[in-house]
Amino acid sequence: MKKTLICLLLALMLPCLSLADRGTVTIIEGEEKSAPELPLAGYKIGIDPGHQLHGDNSREPVAPGSSETKAKVATGTSGVYTHKAEHETNLEIALLLRDLLVDMGAEVLMTRETADVNISNVERATMMNEWGADAVVRLHCNGSTDHSVHGMGMYVRKTGEKAEESEALARCLLSAMTARTGAKAQGVYKRDTYSGLTWSQVPSVLVEMGYMTNPDEDRKLNDPDYQVLIVLGIADGLTEYLTHR
Ligand SMILES: [Zn+2]
């Protein structure tokens with residue numbers, strides 16, 4: 001809208017301007033293009049839509065140098081109301097988030113943009129390390145045998161590289177996401193047992209967006225309007241963390 005107005009004004013003004021003035025107008029127009037007021041311009045944000053079409057039960061170390069191992073990619077949960085697989089919901093929301101962050105000026109790298117891939121959690125973390133992400137959000141939905149449990153929770157590494165930064169990012173995300181959606185804030189949990197976090201060398205948060213085992217939250221997580229609120233919350237949290245550090 002702003003760009004259209006500027007073009008319209010320029011079209012109206014140009015006939016009245018001298019050549020020198022036209023030069024000035026061109027520079028102003030150039031500045032408008034090269035330095036737009038985009039809040040996330042210059043930031044590299046990684047998005048990892050959790051899981052994939054098929055889990056991979058072969059093993060990889062829980063942390064660099066650890067003898068303890070875990071599955072490369074778990075299957076994930078599924079919706080008790082929608083009957084959707086978690087990997088589908090995660091990807092839907094991730095694609096919305098990608099588009100919003102790009103519109104806000106960020107450079108975005110996705111670990112996957114389709115379901116039928118096989119990328120382990122260590123590989124996902126390594127991808128972001130090599131790319132040099134300023135922040136990584138790993139999108140997941142939670143599951144519980146207790147179907148009354150609902151709410152959003154953030155998981156970060158407890159110790160090691162970028163642990164403090166990751167916790168700061170998690171607090172920004174939890175506060176912004178629950179403000180936008182009205183979801184219950186469960187908290188920020190520190191664990192050194194998630195390979196996608198312990199292999200990360202950049203600020204990285206595993207975002208549990210809600211419980212697909214809770215019928216109401218499952219319905220919301222798969223509702224396009226609610227998905228927009230989720231990505232707006234994530235964008236708010238990322239902007240707060242990246243620009244107010
Ligand atoms: Zn998950």
Side-chain angles (χ1 to χ4, degrees), residues 40 45-55 73-104 106 108 110-115 121 124 135-156 166 169-189 191 194 196-197 204-241:
L40 293 176
I45 300 172
I47 306 174
D48 175 28
H51 311 282
Q52 58 198 24
L53 183 59
H54 303 292
V73 188
T75 313
T77 189
S78 60
V80 288
Y81 176 84
T82 62
H83 303 292
K84 269 170 76 171
E86 185 198 335
H87 71 84
E88 291 179 76
T89 307
N90 295 340
L91 182 57
E92 276 177 14
I93 297 172
L95 291 169
L96 282 179
L97 179 63
R98 176 197 65 187
D99 293 348
L100 175 62
L101 296 178
V102 167
D103 282 349
M104 292 171 75
V108 176
M110 305 265 292
T111 55
R112 68 179 179 95
E113 292 186 325
T114 56
N121 286 318
R124 292 171 196 231
V136 175
V137 284
R138 308 184 58 220
L139 302 184
H140 284 257
C141 298
N142 223 332
S144 170
T145 49
D146 180 349
H147 290 189
S148 70
V149 177
H150 63 95
M152 288 179 175
M154 305 291 145
Y155 291 79
V156 292
S166 298
L169 171 59
R171 298 209 179 277
C172 291
L173 288 170
L174 186 63
S175 144
M177 289 178 72
T178 51
R180 284 279 191 180
T181 60
K184 179 185 171 186
Q186 281 199 318
V188 175
Y189 304 100
R191 305 264 191 279
Y194 291 96
L197 298 175
S204 186
V205 177
L206 192 158
V207 179
E208 292 285 5
M209 302 179 284
Y211 284 75
M212 290 182 84
T213 45
N214 176 277
D216 187 47
E217 206 154 57
D218 175 30
R219 184 187 55 73
K220 283 183 183 169
L221 287 164
N222 292 290
D223 175 78
D225 293 339
Y226 189 82
Q227 290 182 341
V228 168
L229 298 179
I230 289 180
V231 300
L232 287 170
I234 297 174
D236 288 346
L238 282 166
T239 306
E240 172 70 24
Y241 169 74

**Message:** Taking the basic N atoms (NZ, or NE/NH1/NH2) and the acidic carboxylate oxygens, is any pair closer than 4.0 Å for K220 and D223?
**Reply:** no

**Request:** Grab the two heavy atoms, one from Q227 and one from N222, that are nearest each other, plus how far apart they are.
**Result:** NE2-CA, 3.8 Å

**Fill in**
Here the pair of heavy atoms bringing A135 nearest to L169 is CB-CD2, 3.9 Å

**Side-chain (D48) to main-chain (T111) donor-acceptor, under 3.5 angstrom** = no

**Message:** If I compare all heavy atoms of S78 with all of A85, which pair ends up nearest, and what's the gap?
**Reply:** CB-CA, 4.3 Å

**Request:** Answer yes or no: is there a donor N or O on one side and an acceptor on the other, between the side chain of S166 and the main chain of S204, under 3.5 Å?
**Result:** yes

**Prompt:** Is the side chain of R124 donor-acceptor paired with the backbone N or O of P49 at a distance under 3.5 Å, no angle test?
**Reply:** yes

**Request:** Assess the side chains of Y189 and E208: does a donor N or O sit below 3.5 Å from an acceptor N or O?
**Result:** no

**Prompt:** Looking at I230 and M152, what are the two nearest heavy atoms and their distance?
**Reply:** CG1-CE, 4.3 Å

**Asked** What distance do L139 atom CG and E86 atom CD have between them, rounded to the nearest 0.5 Å?
**Response** 10.0 Å

**Item:** Expected output: side-chain R112 to main-chain H51 donor-acceptor under 3.5 Å
**Value:** yes

**Asked** Between I234 and L173, what is the shortest heavy-atom contact and its length?
**Response** O-CD2, 3.6 Å

